[in-house]
Novice: 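Take this structure, written in structure tokens, and hold onto it; I'll ask about it next.
Within every chain, numbering begins at 1; the chains are lettered A, B, ... in the order of the sequence lines, protein sequences first and strands thereafter. Side-chain atoms are counted along with the backbone in the values below, which use heavy atoms only and exclude waters and symmetry mates.
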Protein chains: 2
Amino acid sequence: MLLRQLEYLVALAREGHFARAAAACFVSQPSLSAGIRKLESDLDVPLVQHGARFEGLTPEGERVLHRARRILHERDALQQELAEMRGQLTGTLRLGAIPTAMTVTSLLTTQFCEHHQQVTIELESLSSRDIMRRLAEFEIDAALTYLDDGALQGVRKFPLYEEQYLLLTPGDGPCAGQSDVSWAQAAEVPLVLLSRRMRNRRILDEFFAAESATASPAVETDTVDGLYAHLASGRWSSVISHAWLHMFGIPAGMRVVRLKEPDASRRPSVGLVVAAHARESAMVRALLAVAGGAGVRDALDALLKAHLDS
Amino acid sequence: MLLRQLEYLVALAREGHFARAAAACFVSQPSLSAGIRKLESDLDVPLVQHGARFEGLTPEGERVLHRARRILHERDALQQELAEMRGQLTGTLRLGAIPTAMTVTSLLTTQFCEHHQQVTIELESLSSRDIMRRLAEFEIDAALTYLDDGALQGVRKFPLYEEQYLLLTPGDGPCAGQSDVSWAQAAEVPLVLLSRRMRNRRILDEFFAAESATASPAVETDTVDGLYAHLASGRWSSVISHAWLHMFGIPAGMRVVRLKEPDASRRPSVGLVVAAHARESAMVRALLAVAGGAGVRDALDALLKAHLDS
DNA sequence: ATGAGCCGATAGACGGCGCCTATCGGAGCC
DNA sequence: GGCTCCGATAGGCGCCGTCTATCGGCTCAT
């Protein structure tokens, strides 16, 4: 049994396609095919359902796949550990983030890159469900997401900040002059919001519902930049997270107004999650060290204060 | 990096000797040497301190060694898992036991062998410290030892029985007719006991001390069979665990007398320990399944009752 | 129905490297 | 100084992982 063959299996399961998996492994398609068959003969068990096309793994194949991921992860951790002993981390830090947390990743990555200049970072926008899957399959090292998600199991959580909400509204709009607005008020203005499929939106809807209001956005989109793109027209308002300020600031001609919180202690917590089994990865340890000292919460709070004062 | 090379490294660390490690891997000495050097060049780090003789691993080597053991263990677990899916476990169950628990292992192994006829069992007598080391280094799957040992860390415990103590004494001796004896009384008769280095003996000494008595054995030995060998002469008595009855029974011309317990709730607990990381090993799971249903405690209790009644 | 296109398996050749046996160089020891 | 033990080196063999080229079969559209 060769580690290479395990890589083939993992790639095949990921790509669901022999030729693409081979390309991902930088080998020819026959090589990958042969590797899989060799693995099958070594383990004396069929791993893939052989047919005209790729039709998934056998039950045994799934089990082997799981083990293979663990073995390969151990190997990667070994190499990272050695790199760490040499004084510098190398390789790739693979980060995921839900779209609404994407904006703050730079607060982490810039500091991380300063400390570990040999590391390249892969940052991917993912749904919270995908984050869990990718963590479990060793395909990302860590992710930024809401921490109060019931589906977060088998992970370790590291809070970074608590989300606060602002109404971003045209300077000449009805709410622009107020020091704060209620959620019910906000529901009355023309809105652009994220899609209902997204966790951020569902949180907002809960706040609206708490004041017996319902938001009826004119536009729904599934990315934060898509949302801002619409705001630029000056026709709409939106409810934004204070964490987004640091990325886009406040578009020209607009104002932010704080949304009255029914209960400040229930601000949704956003933070890093890492697989419970990744505790011993040098890369993850380095990330957590940076995250611990990054002062994300304070930086965002200061930014919020500055924007509200202006 | 090849799995084989990791095996070489583990073997080398274990044997402390290139030629012996090679023999353990069933390869020639140059092959093992080459494998180690290849591993060093692949990882680009020296792993062994190269000198005229083997002088230990480098710090990096120790780290790699640790990872190597984990990787190889994952591989073994994979193969066991497949064997389990085929309906029968194969391979080797590697068990350790402290000498005083050695006698009861057969209660587990016989049942285990019945359920899993393809599995061979390696049973080794080990000190409790060695048990911890071997578990950590993936060299044994599980072990029988005292569970109230402070050094038991990073393991999962599964109690099997609580040790009760008996005075095994010549039929014509002073205590033979009594229904029970105190520890102070027992300290007065000529004794054969286990060595002070052994945990069982230290437990006995605590019981003696609780009655302000001190045992002064005429003979100390470090194996249970060595102890029984002396008892055969009919000159000595000994304090035995009730678990030993099932192995040696009661030698001809001798009697067992129960030792009065100051506090029955403080009987030392004996059980299985497995490495915390071994939870997902098919072999370990099978062992625990057998151990759970073996009724070791009841079997030993019944045996004790039978011998005391006779 | 038939041909185009995609997918995975097969054939055959090349080359790396893991393994062997045989031997060497060096350290420690009577 | 010779003996012994240990690990490194030399050189050859053979397996197998890799490649390119091609085949067989399925799906789908014309």
Novice: Could you walk me through whether R67(A) and V64(A) pass side chain to side chain contact (heavy atoms under 4.5 Å, CB included), step by step?
Specialist: CA-CA 5 Å; R67(A) 292 285 180 185; V64(A) 174; 5.7 Å; no
Novice: For nucleotides 24-30 of chain C, give me one character per nucleotide, 5' to 3': B if any protein heavy atom sits under 4.0 Å from the base, S if the only such contacts are to the sugar-phosphate, - if neither.
Specialist: ---S---
Novice: Test F138(A) against E74(A) for side chain to side chain contact (heavy atoms under 4.5 Å, CB included), laying out the working first.
Specialist: CA-CA 10 Å; F138(A) 301 95; E74(A) 285 291 337; over 6 Å; no
Novice: Taking side-chain hydrogen bond (donor to acceptor under 3.5 Å, both in side chains) as the definition, give me every residue that meets it alongside R202(B), ordered by chain and number, with sequence neighbours left out.
Specialist: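 With neighbours one apart ignored, the set is empty.
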Novice: What pairs meet the salt bridge (Lys or Arg N to Asp or Glu O under 4.0 Å) rule with one or both residues in residues 112-129 of chain A, with sequence neighbours excluded?
Specialist: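 Sorted result for residues 112-129 of chain A: E124(A)-R134(A).
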Novice: As an exercise, state the distance from OG of S281(A) to CG of L89(A), rounded to the nearest 0.5 Å.
Specialist: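 Here the interatomic distance stands at 8.0 Å.
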Novice: When you check every protein heavy atom under 4.0 Å of nucleotides 10-15 of chain D, what one-letter string (B, S, -) results, 5' to 3'?
Specialist: ------
Novice: Can you tell me how far C1' of dA9(C) sits from CZ of F18(A), to the nearest Å?
Specialist: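 About 9 Å, once rounded to whole Å.
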Novice: Could E7(B) and R4(B) be called an ion pair, given the rule that one side-chain N must be under 4.0 Å from one carboxylate O?
Specialist: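 So E7(B) pairs with R4(B) through a salt bridge.
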Novice: Grab the CD-C1' distance between E40(B) and dA8(D) for me, whole Å please.
Specialist: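 Value for this atom pair: 13 Å.
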Novice: Using OP1 and OP2 only, check whether a side-chain N or O of H17(A) sits under 4.0 Å from dG8(C).
Specialist: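 True: H17(A) side-chain N/O within range (under 4.0 Å) of dG8(C) OP1/OP2.
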Novice: What is the distance, to the nearest angstrom, from the CD atom on Q29(B) to the P atom on dT9(D)?
Specialist: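 One finds 11 Å between P of dT9(D) and CD of Q29(B), rounded.
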Novice: So L272(B) and L108(B), side chain to side chain contact (heavy atoms under 4.5 Å, CB included) or not? Walk me through it.
Specialist: CA-CA 10 Å; L272(B) 275 172; L108(B) 291 179; 4.3 Å; yes
Novice: Within this structure, what is the CD-to-P distance between E55(B) and dA8(D), rounded to whole angstrom?
Specialist: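 My rounded result for the distance is 11 Å.
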Novice: Quick check on side-chain contact (heavy atoms from CB on, under 4.5 Å): which of D222(B), T223(B), T221(B) does L194(B) satisfy it with?
Specialist: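 In the set D222(B), T223(B), T221(B), the residue that makes a side-chain contact (heavy atoms from CB on, under 4.5 Å) with L194(B) is T221(B).
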Novice: To the closest 0.5 Å, what do you measure between CD (E84(A)) and CD (Q80(A))?
Specialist: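 So the gap between those two atoms works out to 8.5 Å.
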Novice: Check the interface with nucleotides 15-19 of chain C: list each N/O to N/O pair with the protein under 3.5 Å, or write none.
Specialist:
residue : atom : partner : partner atom : Å
dC19(C) : OP1  : R4(B)   : NH1          : 3.3
dC19(C) : OP1  : Y8(B)   : OH           : 3.1
dC19(C) : OP2  : Y8(B)   : OH           : 3.1

Novice: Under 4.0 Å between a side-chain nitrogen and a carboxylate oxygen: does that hold for R37(B) and E40(B)?
Specialist: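 No, R37(B) and E40(B) are not salt-bridged.
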Novice: Can you tell me how far P of dA9(C) sits from CG of L47(A), to the nearest Å?
Specialist: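 To the nearest whole Å, that distance equals 12 Å.
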Novice: Without decimals, in angstroms, what is the distance between R37(A) CZ and dG8(C) C1'?
Specialist: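 Computing the R37(A):CZ to dG8(C):C1' distance gives 9 Å.
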Novice: Side-chain polar contacts of residues 10-25 of chain B - donor-acceptor pairs under 3.5 angstrom, sequence neighbours left out - could you list them?
Specialist:
residue : atom : partner : partner atom : Å
H17(B)  : ND1  : A19(B)  : N            : 3.2
H17(B)  : ND1  : R20(B)  : N            : 3.1
R20(B)  : NH2  : E15(B)  : O            : 3.4

Novice: Rounding to an integer number of Å, can you tell me how far H50(B) NE2 sits from dC6(D) C1'?
Specialist: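 Distance, rounded to whole Å: 14 Å.
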Novice: Is there a side-chain polar atom (N or O) of S33(B) under 4.0 Å from OP1 or OP2 of dG7(D)?
Specialist: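 For S33(B), the contact criterion (side-chain N or O under 4.0 Å from OP1 or OP2 of dG7(D)) is not met.
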Novice: Rounded to the nearest Å, what distance is computed from the CD atom of residue Q49(B) to the P atom of nucleotide dC6(D)?
Specialist: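 My rounded result for the distance is 19 Å.
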